[in-house]
Every structure is written in C-alpha cells, then in structure tokens.
Amino acid sequence: MHILITGGAGFIGSHVVRHFVNVYPEYLITNLDSLSYAGNLENLKDVERKPNYRFVKGDITDRSCIESLFEEHRFDGVIHLAAESHVDRSIASPQQFVLTNVVGTVNLLDAARNCWSADYGGKRFYHISTDEVYGSLGNEGLFTEETPYDPHSPYSASKASSDHFVRAWHDTYGLPIVISNCSNNYGSYQFPEKLIPLFINNIRLKKPLPVYGKGENVRDWLWVIDHASAIDVIYHRGENGETYNIGGHNEWTNIDLIRLLCEIMDRKLGREPGESAALITYVTDRAGHDLRYAIDSSKLQRELGWQPSILFEEGLERTVEWYLGNQEWLEQVTSGAYREYYETMYR
Ligand code: NAD
Ligand code: DAU
C-alpha cells in the first residue's frame with residue numbers, strides 16, 4: 001500500500017504522517033508538500049529516517065508535477081490535506097486560496113482518475129475538509145452531514161468548492177472518494193498564527209492577547225491526535241462516496257477558552273494568578289466572523305466506532321506543556337529560521 005499524503009509538513013498533516021508511518025510500517029507513505037510558510041519539516045524529525053517514509057517537495061497547483069508523480073509512483077490512495085488554512089490570510093489575499101484549495105484539489109483529482117481509471121479496485125481519494133463549509137450556527141443546533149453548505153470567508157468558500165469538486169469526480173467519473181469535515185484542531189506543531197499557539201506564545205513573551213470582537217464566538221475543539229485517529233478509521237473503513245463529520249463535542253466561547261489558557265499558563269510559568277489574563281486586549285472583530293461552530297459526529301461514532309480519546313482540559317494542559325517544552329521550535333517558527341531546515345536536510 002503506497003499512500004500519498006499532501007500537506008504532511010503542516011500542523012494536522014504532520015500528525016497524520018506520523019500516525020500512518022508508525023502504525024502501518026508495511027505501508028509506504030509519501031509526503032508531498034510545497035513547504036509554504038505553514039510547512040515545516042522539523043515537525044517530522046522523528047520519522048524522517050524511517051524506511052517507509054519519503055518526502056517530495058512539490059506544489060499541488062503545478063499540474064505537470066502532480067501528473068508525473070502519479071505516473072511514477074502509481075499510488076494506491078491519497079489523503080489530501082494540503083491547503084491554505086488560515087481565515088485571516090484568506091481575507092487579506094483570497095487568490096492563493098482559490099489556486100491551492102480549488103485548482104490544486106482538481107489537479108489531484110484528475111491525476112488520481114487518470115492513474116486509476118482502468119481499475120478503481122482498492123483505491124481511495126480521501127479529502128480532508130472543515131466544518132466551516134456549513135457556515136455559522138445560532139445558539140442552538142449542530143452541523144450534521146446534511147447541513148446545507150453556506151460558507152462565508154474566502155477560506156471556507158474555497159474549501160466548500162473543493163468538496164463539491166471531489167463529489168463531482170465521484171458522481172461523474174466514479175472516483176472512489178471519501179470526505180470528512182472536522183472542527184477546530186488544537187495540539188503540538190500548530191503554526192503560531194492560530195488562536196491557541198499564538199496566545200501561548202504571546203503569554204510566554206508577555207505580549208497582548210488580541211481577542212476579536214467581544215470574544216463570544218464559539219468553536220468546537222478537537223485534539224489533533226484524535227483527528228489523526230479519525231482519519232485512519234475513515235480512510236480504512238469509511239463508505240465510498242460518504243461524508244463524515246468529526247468533532248469533539250467540546251464547545252467553548254473564545255473568551256472562556258482564553259481565560260482557561262491564561263490560568264494554565266500562570267500555573268506552569270509560576271506567575272501570579274491573573275497575570276496572563278491582564279494581557280487580554282479586545283480588538284476589531286474579524287470581517288464576516290462566524291458566530292458558532294458545533295459538530296454532530298454521531299454518524300462517525302455510530303458507523304465506525306470512533307470517539308475522542310481525551311477531555312479538552314487535559315488536552316489543553318498537554319498542549320501548553322508541549323509548547324513550553326519546545327520553545328526552540330516556537331522561536332524557529334516565529335523567526336522564520338525553520339525555512340533553513342529543508343536546505344540543510346534535503347540539499
Ligand atoms: P496548515 O496550514 O498547518 O498546513 C497546510 C500544509 O499544506 C502546509 O504544510 C503547507 O506547506 C502545505 N501546502 C500549502 N499549499 C500547498 C501547495 N500548493 N502544494 C503543496 N502543499 C501545500 O494547515 P492545517 O491546519 O494542518 O490543515 C490541514 C487541512 O485540514 C486543511 O485542508 C484544512 O482545511 C483542514 N482542516 C483544518 C482544521 C484546523 O483546525 N486546523 C480543521 C478542519 C480541517
Ligand atoms: O473550524 C475549523 C477551522 O478552524 C479550520 O478549517 C481552519 O483551518 C482553522 O484555522 C480554524 O479556523 P478558525 O478561524 O476558527 O481558527 P483561528 O484559530 O484562526 O480562530 C479561532 C477563533 O479565535 C475565531 O473565532 C477567531 C478568534 N481569534 C483568532 C485569532 C488568531 C481571536 O479572537 N484572536 C486571534 O488573534
């Protein structure tokens with residue numbers, strides 16, 4: 001079994017690569033990543049020398065690169081995570097999101113179809129998507145797999161578009177696909193521009209914590225390692241053509257989460273209670289900011305038996321411990337020095 005994982009040098013992708021390389025030593029895992037600002041091979045130092053792991057630097061928007069990769073390797077499966085993933089960046093520069101998330105996905109779909117069309121048996125194209133495609137909830141209700149798409153940001157519109165293309169390749173060409181839509185992930189190796197690692201880093205450096213609007217927006221947080229285990233289950237046992245929602249049943253308003261994070265950080269850093277919370281600064285809200293996301297993952301639990309392994313409070317403690325124990329990683333990422341790693345390692 002030779003699986004192509006795209007975006008494997010990013011936050012979730014690196015956990016998925018690590019999981020598959022370690023749990024399935026009999027599989028060959030090829031990680032394709034363009035090493036954009038969010039891609040960091042240091043995230044994979046512990047597996048880079050394993051015999052069943054390979055890295056290819058390549059861009060999914062480069063059609064001929066993708067075609068030749070498929071021609072050369074004849075992959076059995078694809079787990080597609082490569083994407084532009086940050087909502088704020090999509091508001092500032094949407095074009096790159098269309099190119100990577102939409103055109104890049106279509107390039108992969110076409111390459112898989114051309115490579116596999118003689119015999120789709122045993123093949124699988126697994127597209128990793130987000131709950132943001134469903135839009136925003138009010139105070140009640142949960143996103144199910146039947147919730148109509150209603151994306152608001154350029155990021156979520158590009159992800160929604162890519163989901164539609166994946167389904168179209170299934171319905172039109174018979175490509176064996178599966179899609180999952182997951183809620184907000186947290187954990188180690190997340191680029192410190194997203195809420196939790198950004199705020200851990202700012203608290204560490206005693207910098208302001210910029211809370212958008214009133215901090216009342218709600219997100220449903222899932223430990224990234226639980227997302228990787230859900231991806232394993234869906235890749236192996238999900239039904240062809242189906243969609244599965246993945247979530248933690250774990251809703252937090254941003255401000256409650258930030259206060260909890262501040263308490264944990266005060267304790268771990270030996271600071272006075274309330275010292276970190278004093279850094280909270282309310283700033284202008286994100287444009288088009290979705291109010292609430294919450295996932296109904298009962299289909300995945302009922303049909304495939306997956307559930308999250310740890311409670312959020314424990315996962316957040318572990319996450320804080322990881323960033324505080326890996327401050328060099330944070331320094332490298334925030335200074336940009338991590339970009340030199342590829343040159344040194346893969347020259
Ligand atoms: P990330 O930004 O940390 O990583 C994205 C990776 O894709 C990086 O390694 C980057 O170098 C690579 N990449 C970007 N453009 C590329 C291109 N043109 N060609 C090849 N590689 C490219 O993102 P993440 O948070 O790990 O998210 C991974 C996937 O999971 C995305 O598809 C995202 O939409 C989805 N997702 C994320 C979350 C979350 O909370 N982070 C939740 C649900 C779904
Ligand atoms: O729901 C899944 C999505 O979760 C993924 O598809 C995205 O790739 C991922 O980035 C994430 O999107 P969010 O926009 O929800 O995540 P972010 O960490 O950027 O923000 C979380 C919440 O915190 C959101 O309501 C905005 C708020 N926020 C964020 C930042 C960076 C702040 O208040 N201040 C900040 O500085």
Side-chain angles (χ1 to χ4, degrees), residues 4-13 16 31-39 56-70 75 77-116 124-136 143 145 147-182 185 191 193-194 231 241 243-245 287-288 290 293:
L4 174 69
I5 298 183
T6 70
F11 165 49
I12 302 171
V16 175
N31 169 17
L32 170 72
D33 199 298
S34 65
L35 300 184
S36 77
Y37 79 95
V56 175
K57 186 172 187 291
D59 191 324
I60 59 169
T61 67
D62 179 347
R63 199 174 167 82
S64 61
C65 155
I66 300 304
E67 278 167 0
S68 14
L69 202 62
F70 271 81
F75 303 108
V78 177
I79 304 179
H80 173 37
L81 297 108
E84 289 289 339
S85 72
H86 190 196
V87 174
D88 294 327
R89 283 180 188 256
S90 83
I91 295 167
S93 356
Q95 195 71 21
Q96 191 57 42
F97 285 70
V98 179
L99 286 176
T100 297
N101 298 358
V102 185
V103 177
T105 300
V106 172
N107 286 343
L108 286 164
L109 287 166
D110 256 347
R113 175 184 161 226
N114 291 339
C115 180
W116 299 339
R124 166 141 285 184
F125 189 104
Y126 181 0
H127 178 60
I128 307 299
S129 192
T130 170
D131 60 358
E132 299 202 11
V133 299
Y134 299 123
S136 182
F143 295 134
E145 288 81 0
T147 302
Y149 276 27
D150 182 23
H152 298 133
S153 71
Y155 163 68
S156 53
S158 68
K159 290 297 289 187
S161 172
S162 65
D163 292 9
H164 291 317
F165 275 105
V166 174
R167 289 195 185 96
W169 257 242
H170 174 261
D171 296 349
T172 310
Y173 307 112
L175 191 76
I177 65 105
V178 67
I179 298 178
S180 59
N181 297 80
C182 188
N185 285 215
F191 196 81
E193 64 181 1
K194 308 277 175 78
I231 289 172
T243 295
Y244 298 88
N245 280 353
D290 288 334
Y293 304 146

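Atoms considered below: every heavy atom in the structure, side chains included; atoms not considered: hydrogens, waters and symmetry mates. Here, residue 1 is the first one in the sequence, and each next residue gets the next number.
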Check your understanding: Among Thr130, Thr243, Thr147, Asp163, whose side chain to side chain donor-acceptor pair (under 3.5 Å) with Asn181 holds?
Key -> Asp163
Considering non-hydrogen atoms only, spot the tightest contact between [X] and [Y] and give its length.
X	Y	answer
Ala111	Ile66	CB-CG2, 3.7 Å
Leu69	Val56	CD1-CG1, 4.1 Å
Phe143	Asp131	CE1-O, 3.8 Å

Exercise for review: Show your working on side-chain contact (heavy atoms from CB on, under 4.5 Å) between Phe191 and His86 and close with a plain yes or no.
Suggested key: CA-CA 10 Å; Phe191 196 81; His86 190 196; over 6 Å; no
Point to revise | Residue pair Asp33, Thr6: steps toward the side-chain contact (heavy atoms from CB on, under 4.5 Å) verdict | key: CA-CA 6 Å; Asp33 199 298; Thr6 70; over 6 Å; no
Review point. If you round to the nearest 0.5 Å, how far is SG of Cys182 from CD1 of Ile12?
Key: 6.5 Å
Point to revise | Donor-acceptor side-chain pairing of His152 and Ser136 below 3.5 angstrom | key: no
Point to revise | No-hydrogen, no-angle side-chain donor-acceptor test under 3.5 Å, Thr105 and Asn107 | key: no
Tell me if a side-chain donor or acceptor on [X] pairs with a main-chain N or O of [Y] at a distance below 3.5 Å.
X	Y	result
Asn31	Gly8	yes
Ser156	Ser153	yes
Ser90	Tyr155	yes

Study note, to complete from the structure: Between Phe75 and the options Phe70, Tyr126, Trp116, the ring pair (Phe, Tyr, Trp, His ring centres under 6.0 Å) test singles out Phe70
**Study point:** Ring-face cation contact, Tyr37 with Arg89, 6.0 Å cut, 45° max
**Key:** yes
Check your understanding: Quick one: side-chain contact (heavy atoms from CB on, under 4.5 Å) partners of Ala83, sequence neighbours excluded?
Key -> Asn101, Lys159
Review point. For the residue pair His164 and Tyr149, does the interplanar ring angle fall in the parallel (under 30°), tilted (30 to 60°) or perpendicular (over 60°) class?
Key: tilted
Review point. Is Ile231 close to Ile79 at the side-chain level, that is, under 4.5 Å between some pair of heavy atoms?
Key: yes
Exercise for review: Step through the shown structure and confirm whether more than 12 heavy atoms of other residues, nucleotides or ligands are within 6.0 Å of CZ on Phe165.
Suggested key: no
Exercise for review: May I ask you to check whether His170 and Phe125 place their ring centers less than 6.0 Å from one another?
Suggested key: no
Review point. Yes or no on side-chain contact (heavy atoms from CB on, under 4.5 Å) for Asp110 and Arg63, after CA distance, side-chain angles and deciding distance?
Key: CA-CA 9 Å; Asp110 256 347; Arg63 199 174 167 82; 2.8 Å; yes
